[in-house]
2 protein chains.
Amino acid sequence: MTQSRPRNIPEATVARLAVYLRVLAGLADDGRSHVSSGELASAAGVNPAGLRKDLSHLGPCGVRGVGYSVAGLRARLSEALGGERSRPCVLVGLGRLGSALADYTGFASRGFTFVGLLDSDPATVGTRVGGCTVRPVEELEAVVRATAATIGVITTPAEVAQSVCDRLVAAGVRSILNFAPVALSVPAGVDVRKVDLSVELQVLAFLDQQRAQVPAPAAALRTAGSLG
Amino acid sequence: MTQSRPRNIPEATVARLAVYLRVLAGLADDGRSHVSSGELASAAGVNPAGLRKDLSHLGPCGVRGVGYSVAGLRARLSEALGGERSRPCVLVGLGRLGSALADYTGFASRGFTFVGLLDSDPATVGTRVGGCTVRPVEELEAVVRATAATIGVITTPAEVAQSVCDRLVAAGVRSILNFAPVALSVPAGVDVRKVDLSVELQVLAFLDQQRAQVPAPAAALRTAGSLG
DNA sequence: TCTTGTGAAACGCTTCACAGCC
DNA sequence: GGCTGTGAAGCGTTTCACAAGA
C-alpha cells in the first residue's frame, strides 16, 4: 500500500498511459535510458504536450532539460495502472473471437490471466485454449467464486450476452468487457466497456466514402491510379 | 435527387448511427413498425436526447408525437452510412485474431466482404477462411489493385505492421483498421483507426482497482479528497 | 539552451430544457 | 397529451503558450 493517490485520472488519459507503458517496454529492450516527451509521443502517436499533461496526473515524472528516465517512468506508470500483480479474468464464449482473446499473449504479458474459460457447446468444453481448460457454462458461478475474479469478458452471441452478464454480476464480477453487439444493462457499481468490431469497420467505411465523394482538399490526395 | 448531404457528422455520432441501425434491424425482425426515441435509445444504451441529436444530423427523420418509422429510419441510416453496396476489404495477418475477423458474420451482413486475405506463413497460405483463400503476402499489391479495395485490416504482429501499412497505402488503400499494438504513420489523406484490445482490458482493470480501493459505493465518488 | 510542467484558451461532445408539431 | 427537433448550457478533453528549472 504505497502512497499512490487515486486522483481522478481521466479515462482517456488512462488509456494512453497503457500505450506509453508498452512503448517504454520497447525502449527498455533497446537499452535506452532516457527519452524525451517528443520522442515518446511520436512513438505513441500523440501530441507531446498532451503526453506531458497525461503524465502530470502522476506528479513530476521527469527532469527538465533532460527528459524522462525510461526505467523510472516505466515503474511509475506500471504502479499507477495497477502494478504487476496478476489479475484473474473469466471469459465466456469460446467462439473464434473468444478463443483468439484467450490465447492472446498481449494479455498475459500485462498481468491478465484467464483463470476461467466457459462455453455452452459440449464440443468445445474440455478443450484447452491458451493454457486453460474450457468448462461448461453451468459452472460459471462456481468458477468466479473459486477464482475471486472481478473481471469478465463476454464473447458470446448477442442473444445470450445479457443473461451471461447477469450471472457474472451476481457471482461477484464488477468489471465487464463486452464484445457482443448489444447494450448490457447492469446495476450501479458495475462497469461495462463495449468493443464493437463491426462498428469500427463501419465508421472507417463512412469516412472512406466521405473522402471519396469530396474532391481532394489540397493536393493531399494522390491519384488513385486504377484506370479500368 | 439524392439530397443526402454529407454534412460533417461527428465521428462519435457515426459510431452510434451504426448501432441504431443494428437495433432497428432487430425491431424490424420483430415486426415493429414504429419506435420512439426513448425505446430506441434504451436498446442502444444511450441517452434519448442524444439519440435525437444524432439523428438530427440527417435532417428530420421522425413524426412528432408518434416516433420513428422503423423501415424509414432504417433506410435513412443505411444510406447515410454508405448504403448496402458491398465494400471490398483486404486483411493481412491470419493469426487467431485475423482468422476470427475474416470469419465474422457480423461484417458480411453489413456489406463488408473480404476479397483478399494475406499471410506470410506458408502453412496458412492456401487455407480457406470465411469463404476466401489465403494468399501469400507477396501478392498484396496485386490483390489490392485487382479488387480495388480501399479498406485494409491489419492483424499482423507489431513488428511488421508498419511495413504492411506502407504497402497497403502504396497500393491504393486509404482507410486502415489497425489491431497491431503500434502507432502507424501514414501520409495525409489516409485514415487509420486503431483498436487496442489489451488497452481496453487495462483501462477496465484500472477502473476496477480504483473502485476496489474506495469501499463505499456510488455516492462516495464525489467525497474523496476534500479536507474541511 | 533544452525540456518539463501547467494554467488558460479552444474545441467537441453530452446533457438539458423547451419550443414546435402531430 | 405525446414525442420530436434543437438552441444553449455544461462538461471533459485537447491544444497552446510560456514559466520554471536542470
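Lettering follows sequence order; numbering is per chain, from 1.
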- line: B/Leu55 atom CG is separated from C/dC13 atom C1', nearest whole Å, by 16 Å

message: Tell me every residue that passes side chain to side chain contact (heavy atoms under 4.5 Å, CB included) with B/Val63, counting only those two or more places apart in sequence or in another chain.
response: B/Val66

message: List the residues meeting side chain to side chain contact (heavy atoms under 4.5 Å, CB included) with B/Arg167, not counting sequence neighbours, and say none if there are none.
response: B/Val137, B/Leu140, B/Glu141

- request: Please state how far atom CD in B/Glu11 lies from atom P in C/dT14, giving the value in whole angstrom units.
  value: 12 Å

query: Looking at residues at least two apart in the chain, or sitting in another chain, which of them share a side chain to side chain contact (heavy atoms under 4.5 Å, CB included) with A/Lys194?
result: A/Asn178, A/Asp196, B/Val19, B/Arg22

message: Expressed as a whole number of angstroms, how long is the span from A/Leu73:CG to C/dT4:C1'?
response: 12 Å

- prompt: Taking only residues two or more places apart in sequence, or in another chain, which ones meet B/Thr150 in a side chain to side chain donor-acceptor pair (under 3.5 Å)?
  reply: A/Asp208

message: I need the CG-P distance between A/Leu51 and C/dG5, as an integer number of Å.
response: 10 Å

Nearest-Å distance for atom pair CG/P, residues B/Leu58 and D/dT6: 11 Å

Under-4.0 Å side-chain N/O to phosphate OP1/OP2 contact, A/Tyr68 with C/dG5: yes

message: In whole Å, I'd like the distance from the CG atom of A/Asp54 to the C1' atom of D/dT13.
response: 10 Å

Gap between atoms CG and P, on A/Asn8 and D/dT13 respectively (whole Å): 10 Å

- prompt: How large an angle, rounded to 10°, do the end axes of the helix from C/dT1-D/dA22 to C/dC22-D/dG1 enclose when each is built from five base pairs?
  reply: 0°

- request: Ignoring the backbone of A/Pro10, work out which of C/dC13, D/dG5, D/dT13 is nearest its side chain.
  value: D/dT13

- prompt: If you check the A/Ser36 side chain, which of C/dT3, D/dG5, C/dC13 turns out closest?
  reply: C/dT3

statement: Reading nucleotides 15-22 of chain C from 5' to 3' and marking B where a protein heavy atom lies under 4.0 Å of the base, S where only the sugar-phosphate is that close, and - otherwise, the string is BBB-BBBS

task: Give a yes/no answer on whether the side chain of B/Ser37 brings an N or O atom under 4.0 Å of OP1 or OP2 in D/dT4.
output: yes

query: To the nearest Å, how far apart are A/His57 NE2 and D/dG12 C1'?
result: 11 Å

Under 4.0 angstrom between A/Arg16 side-chain N/O and D/dT13 OP1 or OP2: no

query: Which residues pass the ring pair (Phe, Tyr, Trp, His ring centres under 6.0 Å) test with A/Phe112, sequence neighbours left out?
result: none

task: Begin with the C-alpha distance, continue with both residues' side-chain angles, and end with the deciding distance and a verdict on salt bridge (Lys or Arg N to Asp or Glu O under 4.0 Å) for B/Glu79 and B/Arg85.
output: CA-CA 10 Å; B/Glu79 192 209 339; B/Arg85 115 192 64 155; over 6 Å; no

- prompt: By side chain to side chain contact (heavy atoms under 4.5 Å, CB included), which residues pair with A/Thr147, not counting sequence neighbours?
  reply: A/Val90, A/Val115, A/Val143, A/Ala149

field: Qualifying side-chain hydrogen bond (donor to acceptor under 3.5 Å, both in side chains) pairs, either residue in residues 39-50 of chain B, two or more places apart
entry: B/Arg32-B/Glu39

query: Just how far is it from atom CG of B/Leu201 to atom CZ of A/Phe107, taken to the nearest 0.5 Å?
result: 4.5 Å

